[in-house]
K.L.:
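Provided herewith is a single structure, encoded as C-alpha cells, for subsequent inquiry.
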Number of protein chains: 2
Amino acid sequence: MSKCEQCIVRQFNSLKALTKEELLRISACKTSRIIKKGEVIFEEGESLNGIFCIKDGVCKLTKLSANGKDQIIKLVEKGQILGQRSLISDERTNLRATALNDMELCFIPKAEIINDLKKNNNFTMDILKNMADDLREADDVIVNMAQKSVRQRLAEALLDIDENFGTNPDGTLSVLLSREDFASIVGTATESVIRVLSQFKKEGFISTIGKYIKIEDIEGLRRVE
Amino acid sequence: MSKCEQCIVRQFNSLKALTKEELLRISACKTSRIIKKGEVIFEEGESLNGIFCIKDGVCKLTKLSANGKDQIIKLVEKGQILGQRSLISDERTNLRATALNDMELCFIPKAEIINDLKKNNNFTMDILKNMADDLREADDVIVNMAQKSVRQRLAEALLDIDENFGTNPDGTLSVLLSREDFASIVGTATESVIRVLSQFKKEGFISTIGKYIKIEDIEGLRRVE
DNA sequence: ACTAAAACATGATAAATATCATATTTAAAT
DNA sequence: ATTTAAATATGATATTTATCATGTTTTAGT
C-alpha cells in the first residue's frame, strides 16, 4: 500500500499540516477503498469512525428534505476530506455522500485523527480555516437560494462547476451530472432545469454533446438575470 | 471595567476554554461598547481587528444580494461571539452585523486571540466545534430555502425564534422583528410575509399585540405544510 | 442487436409568489 | 397635539415555477 507521505493528494488538504511521524502513523492504519459511480460512501445519519481522504473522483453531498427530495449541498473532489464535520462535532453525519464517478478513497480511523487534533495545533488550525471557508460558501449559497431565480441559480451552478472542476479536452464540463442532479443543486424541479438548459442552448450560452454540457459563452452566462 | 474572569456570558462561548492567565490578559486589553438598536456593528467587507463578545442584546447578520436585498443569515444573541469566521480566515467580513435592540459588546483585539489560538488547543478545538455546528445549521437552512414554501419557512422562522430566543412575560416573542426582517430571513417579499402572517392569525396559530407576535398554537405551526 | 428502463424533452395547466397600487395604522419628530 | 414618515395591510395582476401528461431519446442489460 502506498504511503501518505508520498501521496500528492495530501498537498491539497489539511493533512499537509501533519508531521512526518504523524503521517507515518496514519499511513500504517489507513485503509484504501474503491467506490463505483453511484455508490453511497456514507448515509445521512450514519456514525462514521473516521474521515475519508479523496484520492480520486468526485462525489456529491446531499441532504434529504422533508418533502422527500434530495438537496445537493456540495460537490467534493480529489484532494478534499470527507466527514470532518461529524468527526469534530462527534455526531452522526448530516449528509449522504454519493460517488459521481469511480472513486478511490483512503479511510483514516477517528482515534488517529483525534490524537493529531489534540497534539498538532497547526493541523487543528488548518481544519478550522477550511471550515471557516466552507461556512462562508454556505452563506453565499443561502443568499442565492433565497434571492435568485432558477435561471440565475442554474447559470451560476454551471459557472461554478466549470471553475472548480474544469473541463474535458473537448471543452465539456468534466463533472457529469444528470438533469435531476442539477435540479437538486439549484433546488427546483427536473423539468425546470431541462427547460432552462434548452433556453441557454437557444441563447447560445451552452451546447451539449450527448449528456455533456459545454459552455460556449461564459460572459453570457455571467450576465444572466 | 469588569473582568472577563467574572463575566457570566463567557460560560456560553469558546472563551470558557481559556485559562485564568489568558483571561486576565484579554480582560486587560478588551474594550467595551454600547450599541443602540438599529446601529451597524460592522459592515460587509470591513476588516475587523478582533472579535466581539456579546454581553447583552441581539443582532442580525445580513448579506447584501446582487438584487439589492438584504438576506438575514443568522440571529446572534448574548453569550455568542461575532467575527470569529473572518478572524480565522484572515479575511474581510462576509456579513454585516446590525443591532436588533440595545447591545453591550466587548471587543477583543485580534493579536490577543490569535495568540491564544496558537497556544491553547482546547480553545481552538472549542471554536472548531462551534464552527462545525454553524456549518450543520447552514446546511439545514440551504435545504429549507431550496425545498420548502414561504409558508413553511415562515412557520419555521417563528418556531426557531421562539425556541432560541424565548418569549416575554406576556408570551410574545422576545426578539422584535419587522415584517421586512422576517421577509429577509425567509427570503421572500415583505407583502408575502404580511399575507402569510395574516393567514396564521386567521388559522389561530399566532396572535399579535402591537408589533409583537405571540405563538398560540405551536403544534399547528409545526404541522404547517 | 434487441428490449426494457431510465433519462431527457416539451406542452398544458395549476399553484405559488412577486410586483404594483393604494389604503390604513403606527411610530417618530417637531 | 399635530404633522410626517414609516410600517402594516390588502387587492389586483403579472410572473415564475411546479405539476401532470405524454412523447422521444439514450443507456444498460441480456
Side-chain angles (χ1 to χ4, degrees), chain A residues 36-39 65-71 98 100-102 144-155 157-158 172-173 175-203 206-214 224-225, chain B residues 36-39 65-71 98 100-101 144-155 157-158 172-173 176-203 206-214 224-225:
Chain A
K36 288 254 171 66
K37 178 181 173 175
E39 269 187 70
S65 167
N67 64 13
K69 281 187 192 165
D70 268 327
Q71 177 68 28
T98 313
L100 287 174
N101 45 38
D102 292 349
N144 285 345
M145 284 292 174
Q147 310 270 2
K148 295 189 179 171
S149 67
V150 166
R151 193 174 146 85
Q152 281 176 303
R153 299 200 311 265
L154 185 53
L158 291 171
T172 56
L173 297 179
V175 180
L176 182 59
L177 295 169
S178 67
R179 306 298 192 246
E180 197 182 355
D181 282 330
F182 276 111
S184 171
I185 291 175
V186 167
T188 190
T190 308
E191 295 95 322
S192 298
V193 166
I194 292 170
R195 268 179 246 277
V196 176
L197 285 179
S198 299
Q199 285 173 24
F200 284 171
K201 234 158 115 174
K202 277 183 197 156
E203 292 166 299
I206 62 168
S207 63
T208 52
I209 305 173
K211 288 190 58 164
Y212 286 87
I213 293 173
K214 183 175 176 180
V224 162
E225 293 255 326
Chain B
K36 290 254 170 66
K37 178 179 172 177
E39 270 188 69
S65 167
N67 65 12
K69 282 188 190 165
D70 267 328
Q71 176 69 29
T98 313
L100 287 174
N101 44 38
N144 285 346
M145 284 292 174
Q147 309 270 359
K148 295 189 178 170
S149 67
V150 166
R151 195 175 145 82
Q152 281 176 303
R153 297 196 318 259
L154 184 54
L158 292 170
T172 56
L173 297 180
L176 182 59
L177 295 170
S178 67
R179 307 297 193 248
E180 196 181 356
D181 281 331
F182 276 111
S184 170
I185 291 175
V186 167
T188 189
T190 307
E191 295 96 323
S192 298
V193 166
I194 292 170
R195 268 180 245 275
V196 176
L197 284 179
S198 299
Q199 284 174 24
F200 285 170
K201 233 157 116 177
K202 277 184 196 156
E203 291 166 301
I206 62 168
S207 62
T208 52
I209 305 173
K211 288 189 59 162
Y212 286 87
I213 293 173
K214 183 175 175 181
V224 161
E225 294 254 324

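Within every chain, numbering begins at 1; the chains are lettered A, B, ... in the order of the sequence lines, protein sequences first and strands thereafter.
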K.L.:
Nearest whole Å is fine: how far is D:dA9 P from B:Gln199 CD?
P.N.:
13 Å
K.L.:
For the pair made of CZ in B:Phe200 and P in D:dA9, what is the distance, rounded to whole Å?
P.N.:
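The distance from CZ of B:Phe200 to P of D:dA9 comes to 14 Å, rounded to the nearest Å.
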K.L.:
Between the opening five pairs and the closing five pairs of the helix from C:dA1-D:dT30 to C:dT30-D:dA1, how far apart are the helix axes, to 10°?
P.N.:
60°
K.L.:
With sequence neighbours left out, what residues match A:Thr188 under side-chain contact (heavy atoms from CB on, under 4.5 Å)?
P.N.:
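Applying side-chain contact (heavy atoms from CB on, under 4.5 Å) to A:Thr188 gives A:Val150, A:Ala183, A:Val186, A:Ser192, A:Val193.
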K.L.:
Other residues, nucleotides and ligands only: do more than 12 of their heavy atoms fall within 6.0 Å of CD on A:Gln199?
P.N.:
yes
K.L.:
Before you tell me yes or no, could you show the steps for A:Leu158 and A:Leu197 under side-chain contact (heavy atoms from CB on, under 4.5 Å), namely the whole-Å CA-CA distance, both residues' side-chain angles and the distance that decides it to 0.1 Å?
P.N.:
CA-CA 10 Å; A:Leu158 291 171; A:Leu197 285 179; 4.2 Å; yes
K.L.:
Quickly work out the A:Tyr212 OH to C:dC8 P distance and round it to whole Å.
P.N.:
12 Å
K.L.:
For B:Asn144, which residues count as a side-chain contact (heavy atoms from CB on, under 4.5 Å) partner, sequence neighbours excluded?
P.N.:
B:Lys148, B:Glu156
K.L.:
Between A:Gln71 (side chain only) and A:Ser184 (backbone N and O only), is there a donor and an acceptor less than 3.5 Å apart?
P.N.:
yes
K.L.:
Mind checking what makes side-chain contact (heavy atoms from CB on, under 4.5 Å) contact with B:Lys202, not counting sequence neighbours?
P.N.:
none
K.L.:
My understanding is that only residues two or more places apart in sequence, or in another chain, count here; which of them pass salt bridge (Lys or Arg N to Asp or Glu O under 4.0 Å) with B:Glu39?
P.N.:
none
K.L.:
What is the distance, to the nearest angstrom, from the CD atom on B:Glu180 to the C1' atom on D:dA9?
P.N.:
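For the pair B:Glu180 CD and D:dA9 C1', the rounded distance is 15 Å.
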K.L.:
Rounded to the Å, how far apart are A:Lys201 NZ and C:dT10 C1'?
P.N.:
13 Å
K.L.:
Would you say B:Ser198 places a side-chain N or O within less than 4.0 Å of OP1 or OP2 belonging to D:dT10?
P.N.:
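Yes, because at least one side-chain N or O of B:Ser198 sits under 4.0 Å from OP1 or OP2 of D:dT10.
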K.L.:
Go along nucleotides 15-30 of chain C 5' to 3' and tag each nucleotide: B for a protein heavy atom under 4.0 Å from its base, S when only backbone or sugar atoms are that close, - otherwise.
P.N.:
--SSBB----------
K.L.:
Provide, to the nearest angstrom, the distance between the CG atom belonging to A:Asp181 and the P atom belonging to C:dC8.
P.N.:
9 Å
K.L.:
Report yes or no: does A:Asp102 contribute a side-chain atom to a donor-acceptor pair with the main-chain N or O of A:Lys37 at less than 3.5 Å?
P.N.:
yes
